[in-house]
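Basis for what follows: all heavy atoms, side chains included, without hydrogens, waters or symmetry-related copies. Note that the numbering runs from 1 along the sequence shown for the chain.
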Amino acid sequence: MAAPSLETRLQATVTGAARPGRRTKELTKTLEPGQIAVIDHADLDRVAAEGLVEAHVGAVVNAAASITGRYPNVGPLLLAAAGIPILDNVGAAVFARVEDGEMLTLAGNAVRNARGELLGEGVRQTMSTLEHQVEDSRATISVELTRFAENTLAYMQAEQFLLLDSPDLPELRTTFTGRHVLIVVRGDQFKEDLRALRAYITDMNPVIIAVDGGADAVLANGLKPSVIIGDMDSVSSEGLRCGAELVVHAYPNGKAPGAQRLQDEGVEFITWAMSGTSEDIAMLLAFERGAELIVAVGTHVNLVDFLDKGRPGMASTFLVRLKVGPILVDAKGLNRLYEHRARKRDITLLVLTAMIALVFILALSPPFRLFWDSLWISLREWRR
């Protein structure tokens with residue numbers, strides 16, 4: 001019997017336990033396989049979608065539109081490609097109607113509880129409908145690009161100190177002077193890029209700075225970060241207790257929302273009040289502390305990356321990269337730089353080369369020459 005097609009799987013009736021959460025990246029930490037994730041995530045980003053796929057959810061019910069049309073976000077396409085049904089635009093009222101752990105059933109455009117009561121209706125997405133929405137958003141992205149550029153320029157003057165001044169740096173035990181620094185950010189394909197750098201990490205033993213959830217990827221690869229920096233909302237408790245120095249990224253006014261969680265966890269930390277993103281200030285920290293080279297993995301450098309993160313502009317990132325540029329190597333997409341594919345022609349040539357080399361070695365070896373001489377003498381005697 002043939003396996004059901006992707007479109008059939010996306011339209012199938014699904015039953016599973018509900019797990020609601022308005023912050024998708026926090027919800028993915030607690031999801032179990034087969035559960036139905038109830039989220040409120042307009043323009044579902046790639047990293048959040050990857051978290052849902054890795055959790056092996058049974059389906060996703062989104063109170064908002066997974067693709068609003070502002071820009072071509074690919075998160076929903078990743079869910080669909082994994083065969084995970086998506087019920088979109090159900091409305092925020094669904095959170096008042098769904099209880100954590102209760103059994104839900106998705107059938108068609110509706111979601112119901114175990115008693116058959118209607119909890120919400122939306123749009124059942126397919127790969128085809130999502131692809132059309134992404135294509136339509138590509139045609140209108142120029143509007144978003146103009147707004148993004150205007151915001152960037154507006155904030156550049158206010159944040160120019162990132163380029164011109166030497167910031168007040170946090171006091172750390174880790175030594176950066178004259179060393180390579182590897183900065184790991186939870187971004188597109190960051191896990192694959194980190195694996196592609198294994199040989200470099202082994203040879204150079206760089207200082208590793210993990211930005212928020214990047215810490216767990218570092219640990220999953222058998223490595224240990226020296227510093228974890230960010231608002232700490234994406235790091236697991238294991239990551240917080242791995243022995244790294246913890247730097248909570250605070251707002252310029254000193255407010256640090258992430259500090260409360262670390263206080264609750266009972267771990268030591270320091271705060272650093274700076275404008276810009278956490279990955280920006282991680283680069284500044286490495287640069288100002290005298291790093292010889294900065295290698296960045298998973299960083300956000302293009303329009304879609306920033307819109308996925310909800311950033312209206314990139315003034316701080318632009319300025320920081322101008323400053324650290326001479327020693328910065330961006331390894332984003334490194335795993336796609338080349339492919340480990342062996343062609344048949346290459347394999348055949350390799351085998352032939354090995355056989356020819358083997359023949360020459362045998363021909364020049366004394367035992368083989370002795371055997372050949374003996375065989376030749378025997379043939380001559382036989383012919384007589």
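Distance check: Ile327 CD1 to Ile294 CD1 gives 4.0 Å after rounding to the nearest 0.5 Å. Atom-to-atom distance recorded for Ile39:CD1 and Phe95:CZ is 7.5 Å, nearest 0.5 angstrom. Note that CG of Leu194 and NZ of Lys191 are 10.5 Å apart. Values are rounded to the nearest 0.5 Å. Distance check, rounded to the nearest 0.5 Å: OG of Ser128 to CG of Leu6 gives 11.0 Å. Here the CG-CG distance, from Asn73 to Asp45, works out to 8.0 Å after rounding to the nearest 0.5 Å.
Remark: Asp233 does not engage Arg261 in a salt bridge, criterion side-chain N to carboxylate O under 4.0 Å. Salt-bridge annotation for Glu102 and Arg115: absent, with no side-chain N of the basic residue lying under 4.0 Å from a carboxylate O of the acidic one.
Residues Asp231 and Ser278 bring no donor and acceptor atom of their side chains to less than 3.5 Å of each other. Using a 3.5 Å distance cut-off with no hydrogens or angles, the side chains of Glu265 and Ser237 do pair a donor with an acceptor. A donor and an acceptor atom, one from each side chain of Gln125 and Ser66, are nowhere located under 3.5 Å apart.
Within a 6.0 Å radius of CD in Gln263, more than 12 heavy atoms belonging to other residues, nucleotides or ligands are found. Residue Asp168 qualifies as open at atom CG: its count of foreign heavy atoms under 6.0 Å is 12 or below.
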message: Evaluate Leu106 against Arg124 for side-chain contact (heavy atoms from CB on, under 4.5 Å), listing each step before the verdict.
response: CA-CA 9 Å; Leu106 268 66; Arg124 191 69 172 264; 4.2 Å; yes
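Residues Val211 and His249 have side chains not in contact (no heavy-atom distance under 4.5 Å, counting atoms from C-beta outward).
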